[in-house]
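Atoms within a ligand are numbered from 1 in the order they appear, just like the ligands themselves. Quick caveat, the model's predicted, so the values are computed rather than measured.
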Amino acid sequence: MKKVHNFNAGPCALPQQAVDKAIEALKDFEGTGMPVICVSHRSKEWSAVMDECRALWKELLNIPDTHEVLFLGGGASLGFLYVAMNFLEKKAGYLETGVWAKKALKEAKGLGEAYAVASSADTTFNYIPKGYEIPADLDYFHITTNNTIYGTEIQTDIDCPVPLIADMSSDIMSRPVDVSKYACIYGGAQKNVGPAGVTFVIVRKDALGKVSRYIPTMLDYRTHIDGGSMFNTPPVFSIYVMNETLKWVKEMGGVEAIHKINKEKAALLYAEIDRNPLFKGTAAVEDRSIMNVCFVMAEGYEHLQDEFMTFAKERGMVGIKGHRSVGGFRASIYNACPVESVQALVDCMKEFEALKK
Ligand SMILES: *Cc1c(COP(=O)(O)O)cnc(C)c1O
């Protein structure tokens with residue numbers, strides 16, 4: 001198989017051992033003589049996977065008993081609507097830090113009063129707004145902890161006077177999180193915890209049931225709490241691979257150990273971006289994401305963009321093109337992206353510099 005360095009933004013690199021286990025399970029799932037995608041989701045073998053996966057989430061993120069973990073469909077994008085459906089009674093506030101945050105806000109606007117408490121739209125979302133005040137009369141305050149497209153990240157669990165809700169699609173499991181500070185955390189699995197097709201939700205049970213609207217059955221978190229995420233057929237294969245991905249996280253030493261490696265990987269790449277005169281970072285230094293590293297050609301070298309892209313491709317780099325809305329480059333260095341890949345990209349940037357200077 002061709003050796004590549006996978007910097008895709010999502011779907012993206014997954015731990016090889018999780019992929020290998022998935023291939024095995026597609027042949028014979030737990031000695032059942034059937035592929036995992038052909039067994040009943042009511043079988044005891046499948047129930048064991050669901051239980052193990054839930055338990056791993058709780059263990060790895062230290063999730064208190066006040067919260068429930070759900071595995072749903074629809075992606076983070078349906079999650080935007082779920083949040084508004086389940087939590088918005090009168091008024092909600094959003095931190096507008098990018099396109100995903102805007103899309104989340106749009107869904108809330110369809111159901112009630114919702115607005116951006118603060119925004120970084122003025123400079124194409126290249127920083128995280130600070131010094132804003134969260135009004136105490138909001139039903140909830142919504143943040144996007146990692147802004148996948150712009151490479152900015154909120155790396156601490158902020159204090160919030162109202163229920164705090166976070167889209168953590170692209171940085172879940174990358175750092176320890178104080179779950180007790182959140183009423184709800186959700187996201188698509190396909191950035192850091194598995195393949196596309198499953199959406200994780202961590203929800204505080206006593207934060208639910210406070211809205212007066214009718215909530216359609218499938219959009220009511222309580223349906224899925226009661227049904228153990230199996231009210232209807234769950235995305236079995238995606239959950240299977242997610243479970244194997246979490247097992248890998250645990251084997252790596254857990255979220256704290258992964259966090260340390262993530263910080264080292266990001267530091268390595270940002271150091272090269274800052275040192276190499278051909279490149280420059282685009283996100284405000286204090287808000288730099290450790291998951292998505294965005295950069296462009298520096299002034300005077302803009303004409304070399306396509307050439308560097310080709311140069312990097314020839315050396316096995318995959319997925320470093322920036323999002324179509326911002327251009328430039330983006331290296332997504334999620335949990336499963338090995339330090340060797342980051343080093344390979346750094347070497348590639350150095351080589352390119354030597355060629356051009
Ligand atoms: C990718 C992404 C989404 C969209 O996820 P889907 O599962 O494709 O709907 C939402 N929010 C953030 C922060 C993302 O990175």
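At under 3.5 Å, a nitrogen or oxygen of Ala76, whether backbone or side chain, sits near a nitrogen or oxygen of ligand 1. Distances between N or O atoms of Asn146 and those of ligand 1 include no value under 3.5 Å. Considering both main-chain and side-chain atoms, Thr144 never comes within under 3.5 Å of ligand 1 through any nitrogen or oxygen pair.
Remark: ligand 1 atoms within the under-4.0 Å shell around heavy atoms of Gly75 are 7 (O), 9 (O). Taking a cut-off of under 4.0 Å to the non-hydrogen atoms of Gln190, the atoms of ligand 1 that pass are 5 (O), 6 (P), 7 (O), 8 (O).
Given atom 2 (C) of ligand 1, the protein heavy atom at minimum distance is Lys191 NZ, 2.6 Å. With hydrogens left out, the protein atom closest to atom 9 (O) of ligand 1 is Ser77 OG, 2.6 Å, a heavy atom. Nearest protein heavy-atom contact of atom 11 (N) of ligand 1 is Asp167 OD2, 2.6 Å.
Of the N and O atoms on the side chains of Thr282 and Asn126, not one donor lies less than 3.5 Å from an acceptor on the other residue. Using a 3.5 Å distance cut-off with no hydrogens or angles, the side chains of Asn292 and Ser332 do pair a donor with an acceptor. Between the side chains of Ser120 and Glu96, no donor N or O sits under 3.5 Å from an acceptor N or O. Residues Tyr94 and Tyr140 bring a donor and an acceptor atom of their side chains to less than 3.5 Å of each other.
Under 4.0 angstrom from ligand 1, the non-hydrogen atoms of Phe80 all belong to its side chain. Residue contacts with ligand 1, taken as heavy atom pairs separated by less than 4.0 Å, involve Ser169 solely via side-chain atoms from C-beta onward.
Contact check on Lys21 versus Glu24 returns no salt bridge, with no Lys/Arg side-chain nitrogen under 4.0 Å from an Asp/Glu carboxylate oxygen. A salt bridge is absent between Glu153 and Arg288; no separation between the charged side-chain nitrogens and carboxylate oxygens falls under 4.0 Å.
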Worksheet item: Where do Asp287 and Thr152 land on the side chain to side chain donor-acceptor pair (under 3.5 Å) test, with the steps shown first?
Response: CA-CA 5 Å; Asp287 298 323; Thr152 63; over 6 Å; no
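Taking the six-membered ring where tryptophan is involved, the planes of Tyr132 and Phe141 are tilted, since the angle between them lies from 30° to 60°.
Not a single heavy atom of Lys103 lies less than 4.0 angstrom from ligand 1.
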